[in-house]
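Written below as structure tokens is the structure these notes are about.
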Amino acid sequence: MPKDVITPRARDYNQWYLDIVREADMAEVAEVVRGCIVFKPTGWALWELMQRGLDERIKETGHANVQFPLLIPKSFIMKEAEHVAGFAPEVAEVTRAGGEELAEPYVIRPTSETIIGHFYSKWIRSYRDLPLLYNQWCNVMRWELRTRPFLRTAEFIWQEGHTAHATEEDAEAETLKILYDVYADFAEKEMAVPVIRGLKTEKEKFPGALRSYCIEAMMQDGRALQAGTSHNLGQNFARAFDITYTDQSNTVQYCWTTSWGVSTRLIGALIMTHSDDEGLVLPPRLAPIQVVVVPIYKNDEERVRVLEAVGRMTAGWKGRLRFKVDDRDNFTPGFKYNEWELKGVPLRVEVGPRDVDKGSVAVARRDIPGREGKSIVPQEGLTERLLGLLDEIQAGLFQRALAFREAHTAVVSSYEELKQQIERGFAIAYWDGSSEDEKRIQEETRATIRCIPLDQPGTVGTCVYTGRETTRQVVFARAY
RNA sequence: CGGGGCGUGGCUCAGCCUGGUAGAGCACCGCGUUUGGGACGCGGGGGUCGUGGGUUCAAAUCCCUCCGCCCCGACCA
């Protein structure tokens with residue numbers, strides 16, 4: 001009988017999430033530092049794999065990594081009007097250092113547009129210096145009023161890309177390239193999380209941006225999670241920080257800049273997309289341990305025999321599979337099965353004396369819990385079988401998540417339908433309202449326009465709120 | 001930041017109302033028996049009761065302060 005360590009999703013989805021984070025040993029709430037978490041080895045190993053997948057894509061698309069200071073002069077933050085208004089309430093300041101009051105306080109970076117803008121202004125002279133394509137991996141701090149592990153923490157780790165271009169078209173192309181080729185590609189191929197690529201409304205866009213694009217994912221409670229954003233900053237920051245270049249005809253022009261980021265929030269998205277009441281479920285491509293081997297024996301003689309067989313079996317795995325042999329002898333096999341299921345390991349191989357005699361092993365799939373996910377297979381060709389199964393699981397998780405999203409998405413044609421649909425998932429509606437209309441809907445329903453999908457059907461319909469004719473459809477949902 | 005709940009061995013909690021020797025289960029340590037879906041017996045260790053102050057002969061318990069966590073709301077990657 002399973003112990004009651006994870007609250008079922010149906011009973012309390014929030015508690016379920018916190019239970020998974022704790023029981024899978026990914027992170028611990030730092031309680032001595034408000035709103036912060038400690039990444040434990042399992043959680044950090046997962047993040048390292050995610051970082052690798054993102055970093056590869058960032059570099060493949062022509063960007064180089066750099067690193068800017070953690071502290072930003074307070075006056076920098078004040079330079080771009082919308083930006084100040086957006087971030088002022090949540091910045092932490094450093095006012096003393098070296099035992100003395102500072103002449104000008106620093107803020108702990110909530111994001112780095114401003115300090116990077118300052119340096120871009122110094123570095124960019126001519127159109128030949130463009131485009132400038134940099135990225136940095138760093139931690140940032142936003143003094144959030146309500147925090148949850150991974151989803152919203154006061155300090156979080158992310159990458160922030162910052163680029164400068166000669167024309168609006170170039171900046172726009174960059175913004176979209178990141179959205180499609182880096183973020184959406186990573187989410188769907190590596191995380192197995194289907195995402196909607198969309199444009200943010202004026203109300204939801206980044207403070208200081210011209211346009212914000214995003215990828216939005218659906219969690220298992222039907223709520224939306226913004227998994228990544230890419231902003232075309234127009235010339236707003238270029239004007240505030242005097243980022244200019246001389247063009248081919250010797251005229252000084254303002255640059256067009258972009259910024260884009262994804263954070264450790266992605267870990268929250270991963271958990272809430274795939275995991276079940278038994279614990280964490282990880283997609284094979286990001287699982288720090290893809291295969292765990294549990295040896296079974298009753299005495300020393302069997303132990304030696306089984307471990308020898310396991311040694312032969314796993315000899316060729318290095319470099320092909322991330323695996324672990326769980327040879328702890330103070331736990332029973334049954335305990336280990338449950339523990340590794342809780343931790344989300346995609347495949348488990350069980351090897352006992354009977355298997356050694358018959359040349360077989362038992363293989364259990366994490367994505368299919370219980371007896372149905374378990375089968376007896378020959379030791380011969382095991383490695384290829386495991387590799388094949390990992391691919392199958394990866395694809396299966398994506399398909400399952402996609403099917404879930406589709407089952408919980410509906411086109412609505414009236415405000416009443418909208419109110420009902422957002423209780424269970426995404427509501428797609430024609431939209432021609434204003435920011436004020438949007439705010440009113442949020443107050444009345446607690447749902448917001450998550451995005452205007454970039455894939456539009458192009459058909460004509462009537463706006464769900466104003467009744468006006470429009471071809472634009474949007475996604476309404478309650479969001480994290 | 002507003003409303004609500006909570007803070008007691010590592011974890012989950014009882015004890016608080018009605019002040020008087022700090023408890024249970026799980027986990028941990030030792031020994032033995034066990035091991036194909038969360039083993040069992042015997043023995044053992046471990047707690048300034050979140051913090052600071054107050055009331056009292058006496059505070060986990062009553063009062064005040066601060067800190068943190070969880071839930072709801074507003075704000076947000």
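Just so it is clear: chains get the letters A, B, ... in the order the sequence lines come, proteins before strands, and each one is counted from 1.
Taking atom CD1 on Ile271(A) and atom C1' on A77(B), their separation rounds to 16 Å, with Å as the unit. Atom pair Asp300(A):CG and U35(B):C1' shows a separation of 12 Å (rounding to whole Å applied). Rounded to whole Å, the distance from CZ on Arg303(A) to P on G36(B) is 16 Å. Between Arg328(A) atom CZ and U34(B) atom P the separation is 22 Å, expressed in whole Å. Residue Tyr17(A) contributes atom OH, which lies 15 Å from atom C1' of C70(B) at whole-angstrom precision. One interatomic measurement links the two molecules: CD of Gln15(A) to P of G5(B), which rounds to 18 Å at whole-angstrom precision. Between Asn330(A) atom CG and G38(B) atom C1' the separation is 14 Å, expressed in whole Å. The CE atom of Met141(A) sits 17 Å away from the P atom of A77(B) (whole-angstrom rounding).
Contacts of Pro89(A) with the nucleic acid, taken as non-hydrogen atoms under 4.0 Å apart, are absent. If you check every strand for non-hydrogen atoms under 4.0 Å, Leu266(A) touches nothing. Among the heavy atoms of the strands lying under 4.0 Å from Thr153(A) is at least one base atom, whether or not backbone atoms are also near. Contacts of Asn299(A) with the nucleic acid, taken as non-hydrogen atoms under 4.0 Å apart, are absent. Base engagement by Glu339(A) is indicated by at least one non-hydrogen atom pair under 4.0 Å involving a base atom. Residue Arg371(A) is out of contact with every strand shown, counting any heavy-atom pair closer than 4.0 Å. Using a 4.0 Å heavy-atom criterion, one finds that Glu31(A) contacts the sugar-phosphate atoms exclusively. Residue-level contact check: Gly35(A) touches the backbone only, with heavy atoms under 4.0 Å from sugar-phosphate atoms and none from bases. Note on Arg348(A): a base of the nucleic acid sits closer than 4.0 angstrom, heavy atoms only. If you check every strand for non-hydrogen atoms under 4.0 Å, Gly261(A) touches nothing.
Closest to the side chain of Glu350(A), out of G36(B), C71(B), C75(B), is G36(B). Residue Phe331(A) places its side chain closer to C28(B) than to any other of C71(B), C28(B), G68(B). In the set U35(B), G38(B), A77(B), A77(B) carries the atom at the smallest distance from any side-chain atom of Ser263(A). In this structure, the nucleotide among C71(B), G37(B), A74(B) sitting nearest to the side chain of Leu145(A) is A74(B). For Arg34(A), taking side-chain heavy atoms from C-beta onward, the closest of the listed nucleotides G36(B), G38(B), C69(B) is C69(B). Comparing G36(B), C75(B), C71(B) against the side chain of Arg148(A) picks out C71(B) as the nearest. Closest approach to the Leu18(A) side chain among C71(B), A77(B), G36(B) is made by C71(B) (side chain taken as heavy atoms from C-beta onward). Of the listed nucleotides (C71(B), C70(B), G38(B)), G38(B) has the atom at the smallest distance from the side chain of Phe335(A). Listed nucleotides: G38(B), A77(B), U35(B). Nearest to the side chain of Arg142(A): A77(B). Closest approach to the Gln226(A) side chain among C70(B), A77(B), G37(B) is made by A77(B) (side chain taken as heavy atoms from C-beta onward).
With P as the reference atom, C40(B) and U48(B) are 31 Å apart, rounded to whole Å. Between G50(B) and C16(B), the distance separating the two P atoms is 15 Å to the nearest Å. Nucleotides G10(B) and G46(B), compared at atom C1', are 9 Å apart to the nearest Å. Going from the C1' atom of G45(B) to that of G53(B) covers 34 Å, rounded to whole Å. Only the P atoms considered, U34(B) is 46 Å distant from C70(B), to the nearest whole Å. Taking the C1' atom of each, C63(B) and G23(B) are spaced 26 Å apart, rounded to whole Å. Between U65(B) and A22(B), the distance separating the two C1' atoms is 26 Å to the nearest Å. Spacing between G3(B) and C66(B) at atom P, rounded to whole Å, works out to 13 Å.
Taking the ring centre of Trp16(A) as origin, the terminal cationic atom of Arg9(A) falls inside the region bounded by 6.0 Å and 45° from the ring axis. Remark: Arg142(A) qualifies as a cation-pi partner of Trp158(A) under the 6.0 Å distance and 45° angle criteria applied to the six-membered ring.
Each of Asn14(A) and Gly86(A) was matched to the nucleotide of RNA chain B holding its nearest heavy atom; the match closer to the 5' end belongs to Asn14(A). Checking Glu443(A) against Tyr297(A), the closest nucleotide of RNA chain B that is more toward the 5' end is the one next to Tyr297(A).
Shown here, C13(B) forms a base pair with G23(B); the pair counts as Watson-Crick or G-U wobble because both key distances fall under 3.5 Å. In this structure, G41(B) forms a base pair with C31(B), meeting either the Watson-Crick or the G-U wobble geometry with both donor-acceptor distances under 3.5 Å. Nucleotide C1(B) forms a pair with G73(B), judged by Watson-Crick or G-U wobble geometry with both contacts under 3.5 Å.
Ion pairing of Glu339(A) with Arg348(A) is absent here, as no side-chain N (NZ or NE/NH1/NH2) approaches a carboxylate O to less than 4.0 Å.
Ring-to-base geometry places Phe156(A) in a stacked arrangement with A77(B) (centre distance under 5.5 Å, plane angle under 30°).
Proximity of Thr229(A) to the phosphate of A77(B): no side-chain N or O atom is located under 4.0 Å from OP1 or OP2.
Rounding to the nearest 0.5 angstrom, the gap separating the CG atom in Leu390(A) from the CD atom in Gln290(A) is 5.5 Å. For the atom pair OH (Tyr120(A)) and OG1 (Thr257(A)), the distance works out to 9.0 Å, reported to the nearest 0.5 Å.
For Tyr415(A) and Glu444(A), the side-chain atoms include at least one donor-acceptor pair closer than 3.5 Å. Judged by distance alone, the side chains of Glu202(A) and Ser435(A) never bring a donor and an acceptor atom under 3.5 Å apart. With hydrogens and angles left out, the side-chain atoms of Asp55(A) and Asn135(A) include no donor and acceptor closer than 3.5 Å.
At a cut-off of 3.5 angstrom, the base of G36(B) holds no donor-acceptor pair with the side chain of Lys336(A). For G37(B), its base sits under 3.5 Å from the side chain of Glu341(A) at one donor and acceptor pair at least.
Note: Phe206(A) and His231(A) have parallel aromatic rings, judged against thresholds of 30 and 60 degrees for the angle between ring planes.
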